[in-house]
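Worksheet: the structure to be examined is printed underneath.
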Amino acid sequence: MKPRILAITGSLRPDSSNQKIVKKLEELLHPDFTFSYFNGLTNLPYFIPDQAFENTPEKMRLFREEIQYADIVLICTPEYIFSIPGVLKNALEWFVATDIFNQKPVVLITASASGEKGQKELHLIMKTLGAKFSEESTLLIPGVKGRFNTDGQLTDPDTIKALQKLSENIRSML
């Protein structure tokens, strides 16, 4: 059975640069991995600590199962106001009282205009959750919009090379 990667994109736009980056990574990992996408960030309820263990909303319970059964979780997110998007942070807050991310292999990509502060925040959150990642399983892509042509194709050779290297590192994670 092929390893499963669950991709979560922090951008809510269906044709975002982040979505395109994940699709390119999926191409590079094909056919060795199975990709699935979690597109329900806006459907998750706001984090309520009292519901972390008891009376957990069904949508959150199902999302936790998706994370639990994935071999690798890939998060690709933009940076908004020097942070990660609120919907992504809300989703991750639901895991703070669980061990679902404990030693879970994760790949963390921040693709934005700058992205440095958003990447630092994402790393801190994932460390807090106990996720397993390293410098080899993370990537910062600043100036992401300029790395695509007018047709939306990724054309920047440095970004393509970085994604190829990341795909090699992903293959060695399991």
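Since the model is a prediction, treat every value here as computed from it, not as a measurement.
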* Might you point out which heavy atoms bring Pro105 and Met173 nearest each other, and give the distance in Å? => CB-CE, 3.6 Å
* Qualifying residue for side chain to side chain contact (heavy atoms under 4.5 Å, CB included) with Ser16, from Cys76, Ser11, Pro78 -> Ser11
* Find out whether Thr138 and Leu122 are in side-chain contact, i.e. whether some heavy atom of one side chain is under 4.5 Å from a heavy atom of the other. => no
* Structure fact -> So CD1 of Ile21 and OG1 of Thr77: to nearest 0.5 Å the spacing works out to 12.5 Å
* To do: With salt bridge (Lys or Arg N to Asp or Glu O under 4.0 Å) as the test, would you mind laying out the steps for Arg171 and Glu168 before giving the verdict?
  => CA-CA 5 Å; Arg171 284 185 168 85; Glu168 292 168 16; over 6 Å; no
* Distance-only polar pair, side chains of Glu136 and Ser134, donor-acceptor under 3.5 Å -> yes
* **Ring-face cation of Lys89 near Tyr80 (centre distance under 6.0 Å, axis angle within 45°)** => no
* **Pro3 versus Asp71, closest heavy-atom pair with distance** => CA-OD2, 3.2 Å
* **Ile170 CD1 to Asp32 CG distance, which is reported to the nearest 0.5 Å** => 11.5 Å
* Asked: Shortest non-hydrogen contact from Phe82 to Glu121?
  -> O-OE1, 4.2 Å
* Structure fact -> Between the OG atom in Ser114 and the CG atom in Leu140, the distance rounded to the nearest 0.5 Å is 7.0 Å
* **Gap separating the CG atom of Leu25 from the NE2 atom of His30, nearest 0.5 angstrom** => 13.5 Å
* Output the distance between atom CD (Gln119) and atom CD1 (Ile141), rounded to the nearest 0.5 Å. => 10.0 Å
* **Derivation and outcome, salt bridge (Lys or Arg N to Asp or Glu O under 4.0 Å), residues Arg61 and Glu65** => CA-CA 6 Å; Arg61 192 186 61 71; Glu65 285 179 10; 2.4 Å; yes
* Check whether Leu28 and Phe35 end up in the same hydrophobic cluster, where Ile, Leu, Val, Met, Phe, Trp and Tyr are linked by side-chain heavy atoms less than 4.5 Å apart. => yes
* Structure fact -> Here the pair of heavy atoms bringing Lys104 nearest to Ala70 is NZ-O, 2.6 Å
* Asked: Does the gap between the ring centers of Phe133 and Phe101 come in under 6.0 Å?
  -> no
* **Intermediate values then yes/no, side-chain contact (heavy atoms from CB on, under 4.5 Å), Leu92 and Thr128** => CA-CA 10 Å; Leu92 295 173; Thr128 301; over 6 Å; no
* **Minimal non-hydrogen separation, Leu154 against Ile160, with atom names** => O-CD1, 3.7 Å
* Asked: Considering all heavy atoms of both residues, which atom of Asn90 and which atom of Trp94 are nearest to each other, and what is their separation?
  -> O-CD1, 3.3 Å
* Pair Val73-Ile8, side-chain contact (heavy atoms from CB on, under 4.5 Å): steps then yes or no -> CA-CA 8 Å; Val73 175; Ile8 303 166; 3.9 Å; yes
* Is it the case that more than 12 heavy atoms not belonging to Glu135 sit under 6.0 Å from its CD atom? -> no
* What distance separates Lys2 NZ from Leu174 CG, expressed to the nearest 0.5 Å? -> 14.5 Å
* Answer yes or no: does atom CD of Gln68 have more than 12 heavy-atom neighbours from other residues, nucleotides or ligands under 6.0 Å? => yes
